[in-house]
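What follows is a short report on a single structure.
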Amino acid sequence: MSILAAPGSLATSSSALADEKPARPEIKTNRWQEDWSALADPALRTEAFDPIKYIPIMPGDPRSYVSFGMTLRERFEAVNAAAFGVGGIRSDAYLLQRLQFHADFHLDEHWQLFLQVEDDRAFGKNVVTPVDQDPLDMRLGFLAYVNATQVGTFKARVGRQDFDFDLQRFVSSREGANVRQSFDAVWGDWESGPWRFLGFLSQPVQYDFQHPFDDTSNSHFRFHTLRVERQVLGTNELSAYYSFYQKDNVHYLDASGDEKRNVFDVRFAGKLNQFDWDLEAMGQNGVIGGKDIRAWATGARAGYTFAGITWQPRLGMQVDAASGDHQPRDNVLGTFNPLFPNGYYFTLAGFTGYVNLVHVKPSLTVKPATNLSIMGALGFQWRETIADAIYVQPNIPVAGTAGKGSAWSGAYAQVRLDYRFDAHLTGAIEAVHYKIGDTIRQAGGHDSDYVGVELKYSL
């Protein structure tokens, strides 16, 4: 959230301002948020592809330009088996490739037209799903309007777009998976001082990985939201939102039919000196197949960074919980719906779903070099209720676990390295070992391992 400076608050002298040089734009995960207008200054055009990063449209207006770009992500993954091998699922090793091209038209300081196509491939994967592969398709295509005044800033977008909230526990652009999540939506946003109000009407895009340009959205799957944010105690953020989630012909272990959920969420996140935190709670009610829905989830992350010590170690603690269905065959469904979760939130291994869960995860992160981050963690998992199943990402029940065994699900060890080679190239390595509990073992599962190696290049 941006805070508009008050008139007359500039204390910097004009000579000092003249000595300051505008920085080159940064490449972002959401490419439509980039602003390349600084390249109107020829002195900043220092890289080989700068001629296509800033092409003037209207002479004399530096904010009127078109920018072209691309992102290529290659990730090799090896995993013992999804769902711990229950049901005879065998080990797998494969390559996931995501290729994106975009054209970003800034018509003037108010209007933006953004177009992005994406081609996602899964090479050598035993079971290919809509989150693994999607041949060439329109991922983003929207018209945006921005008007900033001394009173506040108004923003609007219409078309195929993406959005995410906070740590992306429940609403994400699905960066972790190979196929990102898009929404056909109308979005409005008003920001003034410490306040921000936003709302949108959307139909989540549903992916068909058979042919190019076959992705669709329709009224059988809808997601609408109203949200308010407030900066408190400095730049710390308190937010709350209501969402309506509706999807037809849905199947749970104890309910089937058209699902309609009311979602209520509140979050408080911030930082005080070296201590950071992110707390969130969500409640859900509604109906599905003649049954009432009553579900909930909570998530908390906190950490302390020893900024004055070599490698700047950060000690972290993560605690999560989500409801399961306590009484099968009654008139209430208690299974939590994680909505649009982020694959990065737990691990990329996919062994953990945000459903019927109690999860505790201490971690240690260090930075041996400016561009290198290493994180090690241990995760401990239980079921919130034995009556419901153990779930893997995003909300897939492990066969043969519902109503059987103990609450203990298992424990895992995770190591992740992230390295930035330069402004365009990043790399990551992640390894996870999951030691299952007796409930999964009795269902036919086994301890599982995951290794992922990723390179991402953007221009």
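Just so it is clear, the structure is predicted and the values come from calculations on it, not from any experiment. Numbering starts at 1 and runs along the sequence shown. Side chains included, hydrogens not; waters and symmetry mates left out as well; all remaining heavy atoms used.
- Using the six-membered ring where Trp is involved, Phe183 and Phe163 have ring planes that are parallel, under 30° apart on the 30 and 60° scheme.
- Relative ring orientation between Phe105 and Phe68 is described as perpendicular, the plane-to-plane angle rising above 60° on a 0-90° scale split at 30° and 60°.
- Checked for salt-bridge contact, Arg160 and Asp184 meet the test: a charged N lies under 4.0 Å from a carboxylate O.
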With salt bridge (charged side-chain N to carboxylate O under 4.0 Å, His left out) as the test, would you mind laying out the steps for Lys28 and Glu175 before giving the verdict?
-> CA-CA 12 Å; Lys28 299 183 178 182; Glu175 174 64 15; over 6 Å; no
Solution key, residues 422-429 side-chain donor-acceptor pairs under 3.5 Å, sequence neighbours excluded:
{"from": "Asp422", "atom 1": "OD1", "to": "His424", "atom 2": "N", "distance (Å)": "2.8"}
{"from": "Asp422", "atom 1": "OD1", "to": "Leu425", "atom 2": "N", "distance (Å)": "2.8"}
{"from": "His424", "atom 1": "ND1", "to": "Ser458", "atom 2": "O", "distance (Å)": "2.8"}
{"from": "His424", "atom 1": "NE2", "to": "Glu47", "atom 2": "OE1", "distance (Å)": "2.6"}

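- A cation-pi arrangement is absent between Arg174 and Phe340, since the terminal nitrogen or guanidinium carbon is not both under 6.0 Å from the aromatic centre and inside a 45° cone about the axis.
- Contact check on Arg416 versus Asp418 returns a salt bridge, with a Lys/Arg side-chain nitrogen under 4.0 Å from an Asp/Glu carboxylate oxygen.
- Contacts classified as salt bridge (Lys or Arg N to Asp or Glu O under 4.0 Å) and involving residues 134-157 (residues at least two apart or in different chains) are given here: Glu118-Arg139, Arg139-Asp162.
- Around the CD atom of Gln33, the shell of radius 6.0 Å holds more than 12 heavy atoms that belong to other residues, nucleotides or ligands.
- Each of Asp388, Asn395, Thr335 was checked for a side-chain contact (heavy atoms from CB on, under 4.5 Å) with Asn356, and the lone residue meeting it is Asp388.
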List the steps and the verdict of side-chain hydrogen bond (donor to acceptor under 3.5 Å, both in side chains) for Gln203 and Arg222.
-> CA-CA 4 Å; Gln203 295 180 168; Arg222 296 184 292 177; over 6 Å; no
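- Between Arg169 and Asp278, at least one side-chain nitrogen of the basic residue sits less than 4.0 Å from a carboxylate oxygen of the acidic one, meeting the salt-bridge criterion.
- Salt-bridge check for Glu74 with Lys456: failed, with every basic side-chain N at 4.0 Å or more from each acidic carboxylate O.
- Counting only residues at least two apart or on different chains, the side chain to side chain donor-acceptor pair (under 3.5 Å) pairs with a member in residues 293-313 are Arg301-Gln318.
- A salt bridge between Arg75 and Glu454 is present, with a side-chain N of the basic residue lying under 4.0 Å from a carboxylate O of the acidic one.
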